[in-house]
Structure formats: C-alpha cells, structure tokens
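Since the model is a prediction, treat every value here as computed from it, not as a measurement.
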Amino acid sequence: MFYTFWNLRRLFVCSRAYVEHHLLTCGDVYGRFDVLFNRVRVIQKKSGQFDMLLCVGSFFGTSPESQTHWDEYKSGAKKAPIQTYVLGANNQETVKHFKDVDGCELAANITYLGRKGLFTGASGLQIAYLSGIESSSEPAPAYCFTAKDVTSLKMSLMSNSKFKGVDILLTSSWPKDVSNYGNALPNEASKKCGSALISNLAFNLKPRYHFAALEGENYERLPYRNHLVLQENAQHVSRFISLASVGNLDKKKEEPTQQFFFDLNKPQGKKRQTDGKGGRQSQAKQPRKHPQPTGPCWFCLASPEVEKHLVVSIGDNCYVALAKGGLMSDHVLILPIGHYQSTVDLSSDVVKEVEQYKAALRTFFKTKGKRYVMFERNYKSQHLQLQVVPLPLSCCTTEDIKETFILQAQEQGMELLEIPEHSDIKQIAQPGTPYFYVELDSGEKLFHRIKKHFPLQFGREVLASEAILNIPTRADWKDCKSSRAEEEDLTKTFRDAFEPFDFTLQD
C-alpha cells in the first residue's frame, strides 16, 4: 500500500504528558498547488480538521504554469486550507522563492521552515528539518547542505543533556542505505540514492518519524532503533517514510491515509478473481482440505479432545471459543478449524475469516465500552490460538498497553518491535519461525522473534499486571479454573450477547 499523503494522528510525549497531534504530510508538490489543497479539503471533510500539513521534497515547480498558479496563492486570490510548512529548494531554478534562509511566510497559511533547525509546536511537539540536497563542496549552492550544516544542527540539539530525540525529522533526500537490514525497496534503483549525512543526522536525532521524498516512491521501512546494541540503553522506535509526489501519474496512492491510534474500520480480504474475459472460471476451485495433526490436538474442532461446551461461534474455516481460565469472563480465542500451527501458515480463505471474526469482535466489544488486545505465541504450541482479551476503556489507553508490553519485554531481555500497521506478518516471519505477536485496537502491531526461551504466560502476565488490569493472580490460566457448569453459563452468556454481531448467523 502506498501513500502520497500520510495522515499522522498520534500521541506524542510533550512536556511530560501525552498530547494528540493531527498532522498531514505529503511528498513533492512540484507546483501542483490546487491538486494538493483540493485533496487536503477532501481529507479534512472526511476525517476532520488537522493541525498542519508538512511538505517534504520540492514544493515549487519550474514550469511557467506552476509560476502562474503560485501567483494566485501569493497574491491572496487563493488560500491554503491548512497551515502548511515546506522545506527549501532542491534545485537552482526554485531558489528564488526562498528569500530568507532562516525561514519566512511565503503566502497566507504557507511557511518556509528555513535551511535547518527545530520547529517546536505550542504543545511541545519537536520537528527537526534540513532543506536541500547534499553537497560535497564548500561553499555550497543555495539549494544544498553540507557536513557543516548537519553538524551545526546536531550540536544545537544534542548539547542539551536531557535530549532524547525529536518527534519528527523532515528532509527532502533519503538517508543512504535506508533499506539495510529492513524490507525491500519498491525500486531497486533507489538503493543508489540517499545521503550519508542524512543517515548520520537521523542516527543522532533519533526521530520517531522521518519523512522524505524526491525519489518518486512510497516506501515505509520496518521500524528500527537508533542505539548500539548491548552498549547503550534501548531507544524509542524510529520510522522512515518516503512519499511519492502529489498528483503523480502512476497514482501512487493519493487516497485513504493511515491513521494512528484510530480504528481503520477497513474491510479485509480479496475480491474473487475471474478469467479476465468477463467469463467464469473454466474449472470450479476445489475447497482446500484442512491439514491434519500428527497426534491428539486440543483445538482441532473435529478432535475428541476439544471442549466443545466452550465454543461460541463456528464459521467455514474458523471458530471462536471462550478461553479456558480466561483473564476476563469475555476473554475468547479465534482458532482455525483445521490444523494450522500459526498465522503465517494460514491459507488465504482462513485469513479472510479470521479478519471477519476480528472485525465482529471489535465492534461487539466497542458496544460494551471495551477495546481488545490480541496476541499470539507461536512457541511450544501446535495449534494457532489468537487470544482476544477485552479491556474496559476506562482501564487504560492504547498507548499505555503498548508501552507496558514493550517495557515488560525489555525487563526480561526481549525486544518487541513495532511493525507497519498495514504489513502482513507473513512478510516478516517464515513458517516454522517461533514468534510472539501483539495487535492493538488501534491497528498497531508488535513483534518479537523468539530465539531461545520465552515465558509462556507473557501475554497474560502483561495484561494482568498492575499497570493494566491489576489482577496478577490470574496471569496463569491454570490458576483460573472454573467448573464445567460455570464454563457453560459463561459461554451461553457470551454467545447470546455476541449473536447480533456473529456474521455466521446472517443470511
């Protein structure tokens, strides 16, 4: 999935408190001002008002038409619908638009940030920026930066003993070798691009988000941390995001933007394929047979070992059951009917129905004033169990839950990494790879690759801890057993309440 705009609704730590910021970012505009701002109007009409728009890459174009369009904004005949901040020139032709290297107002609601520096919002949000492209010579052209500029920017921030990183870093150029140890680039030619100076800047400023452009590609690198392993304390996660140009001819996604700390409510699954000629398939697709276990399994629905009195709902490929010894009375499991060990082993049909159950449970728990946390442990288990634990909204925020998982993992010498919300876990883990995975109601995802040992009750321990549910005695399911009669009552209560949301019962 690609994005020309990046809709950043996120809680940042500002002045020792979490403050929500609604930001839009975009890639190269190249003088397509009407296209840009018309799109912003559509987004704001649909999603509400945003605090600001941050533009990386080339804001101005070089054609006579783009100059004519700009004159309309400069004269006040047209006005940007949102406070817009832009970086400086990346070529000699557009230097004329930036009169003051320290930043200035270009038109109503459109501000040039400056050659380099730190912009601090009213609530304390810190945005570091560096305009231009890298130059190896001194004096550098007006549209370039040098090692001296980067050193000056680093020192101005890092001289503060309390400096722990910035919230956002804006550059036009990519950092060099940004895909190393990460996910593949969309275009192999992009491997040759980037600035070593910006790589160094990002390493030292430790931004939570780093936006760049110029390459005409949308690319979201897997989250990473800017610290020396085993030599420094772990830092917060950094995300690098490159954005394609506004109004690009390849249509690299000028639509639906990702929202952080908000439910996407986006339908999952794939449309059924035809033969491409308007006709039906020459041969009907045969249903895939469920894999079979090599021995007794407590969760294969056809197995005599399954405690069927806990089953709440049964679909074509999956079923939902009350968790035995659950953390809460409405703690449930999503399980495949056939024998699959983990999410990465699932066939596309099973994945589709898992997503349907997740969406139904999310909606159901929302009506109860709850949010759910889902986790999976693919370690010392033979059948996939997606644990779905609802938490009262008044109990804690999604950010609290995420931070608690990360901190408690660190306390046990483990690292939970944030992965892109729209990514597929199959892109990260191969079948047979032991892992622990968390999915939050916001869509945020945490992942840990298990190498040696892993505490079997870790997911429950985190949620039962004082920081969240404060029921530490229920961390182990074996300490939470109920009688069969009690389990049957709990299952019936949940089944009756869930019935209006159960898609398997709908025509």
message: With salt bridge (charged side-chain N to carboxylate O under 4.0 Å, His left out) as the criterion, how do Glu399 and Lys402 come out once you've worked through the C-alpha distance, each side chain's angles and the decisive distance to 0.1 Å?
response: CA-CA 5 Å; Glu399 183 72 10; Lys402 183 180 73 172; 3.6 Å; yes

message: Does atom CD (Gln430) have a neighbourhood of more than 12 heavy atoms from anything else shown, all under 6.0 Å?
response: no

- prompt: Any side-chain heavy atom of Glu138 sitting closer than 4.5 Å to one from Thr146?
  reply: yes

field: From CD (Gln126) to CZ (Arg208), nearest 0.5 Å
entry: 10.5 Å

query: Ser172 side chain to Gly132 main-chain N or O, any donor-acceptor pair under 3.5 Å?
result: no

- prompt: Can you tell me if Ser152 uses its side chain to pair, donor with acceptor, with the backbone of Lys148 under 3.5 Å?
  reply: no

- request: Go through Phe163 and Leu205 one step at a time and tell me if the side chain to side chain contact (heavy atoms under 4.5 Å, CB included) criterion holds.
  value: CA-CA 9 Å; Phe163 177 76; Leu205 296 193; 4.1 Å; yes

Check: Phe60 ring centre within less than 6.0 Å of Phe98 ring centre: yes

task: Grab the two heavy atoms, one from Gln44 and one from Phe50, that are nearest each other, plus how far apart they are.
output: OE1-N, 2.9 Å

Min side-chain heavy-atom separation Thr25-Tyr209 under 4.5 Å: no

- prompt: What do you reckon, are the aromatic ring centroids of Phe37 and Tyr73 less than 6.0 Å apart?
  reply: yes

message: Just so I know, are the side chains of Tyr143 and Asn90 near enough to count as touching, which here means a heavy-atom distance under 4.5 Å?
response: no

query: So which of Tyr112, Tyr30, Phe33 actually passes ring-ring contact (aromatic ring centres under 6.0 Å, His included) with Phe59?
result: Phe33

- request: Check whether any side-chain heavy atom of Thr84 sits under 4.5 Å from a side-chain heavy atom of Val40, and report yes or no.
  value: no

field: Close side-chain approach of Val373 to Val462, heavy-atom, < 4.5 Å
entry: no

query: Are the side chain of Arg449 and the backbone N or O of Ile428 linked by a donor-acceptor pair below 3.5 Å?
result: yes

- request: For the pair Glu93 (side chain) and Thr62 (backbone), establish whether a donor and an acceptor sit closer than 3.5 Å, ignoring hydrogens and angles.
  value: no

- prompt: Got a second to check how far Glu220's CD is from Phe240's CZ, nearest 0.5 Å?
  reply: 10.5 Å

- request: Please identify each residue that fulfils salt bridge (charged side-chain N to carboxylate O under 4.0 Å, His left out) with Glu376, with sequence neighbours left out.
  value: none

query: With the threshold set at 4.0 Å, does a side-chain nitrogen-carboxylate oxygen contact exist between Lys352 and Glu355?
result: no

message: Looking at Ala213, is its backbone amide N or carbonyl O close enough to the side chain of Trp174 to form a donor-acceptor pair, meaning the two atoms are under 3.5 Å apart?
response: yes

message: Keeping Arg221 on the side-chain end and Asn180 on the backbone end, is there a donor-acceptor pair under 3.5 Å?
response: yes

query: Is the closest side-chain heavy-atom distance between Asp345 and Leu384 below 4.5 Å?
result: no

- prompt: Counting N and O atoms only, with roles assigned by atom type, does the side chain of Asn378 sit under 3.5 Å from a partner on the main chain of Thr433, one being a donor and the other an acceptor?
  reply: yes

query: Is a donor on one side and an acceptor on the other found under 3.5 Å between the side chain of His448 and the backbone of Leu416?
result: no

- prompt: Could you walk me through whether Leu185 and Glu217 pass the side chain to side chain contact (heavy atoms under 4.5 Å, CB included) check?
  reply: CA-CA 9 Å; Leu185 293 166; Glu217 295 288 350; over 6 Å; no

- prompt: Of the non-hydrogen atoms in Ala142 and Arg115, which two are nearest, and what is the gap between them?
  reply: O-NH1, 3.7 Å

field: For the student: nearest non-hydrogen atoms of Tyr435 and Thr343, plus distance
entry: OH-N, 3.3 Å

- prompt: Do Tyr437 and Ile419 have side chains that get closer than 4.5 Å, going by heavy atoms?
  reply: yes

field: Heavy-atom side-chain contact between Leu361 and Met374 under 4.5 Å
entry: no

message: Would Lys451 and Met414 count as a side chain to side chain contact (heavy atoms under 4.5 Å, CB included) here? Give the steps.
response: CA-CA 10 Å; Lys451 297 180 180 179; Met414 303 181 298; over 6 Å; no

- prompt: With distance as the sole test, does Thr171 use its side chain to make a donor-acceptor pair with the main-chain N or O of Ser173 at under 3.5 Å?
  reply: yes

query: Please, which pairs that meet salt bridge (charged side-chain N to carboxylate O under 4.0 Å, His left out) have at least one residue in residues 69-85, sequence neighbours excluded?
result: Asp34-Lys78, Glu72-Lys78

Straight-line distance of Leu170 CG to Tyr129 OH, nearest 0.5 Å: 10.0 Å

- prompt: Okay, side chain of Ser131, backbone of Gly114: is any donor-acceptor separation there less than 3.5 Å?
  reply: yes

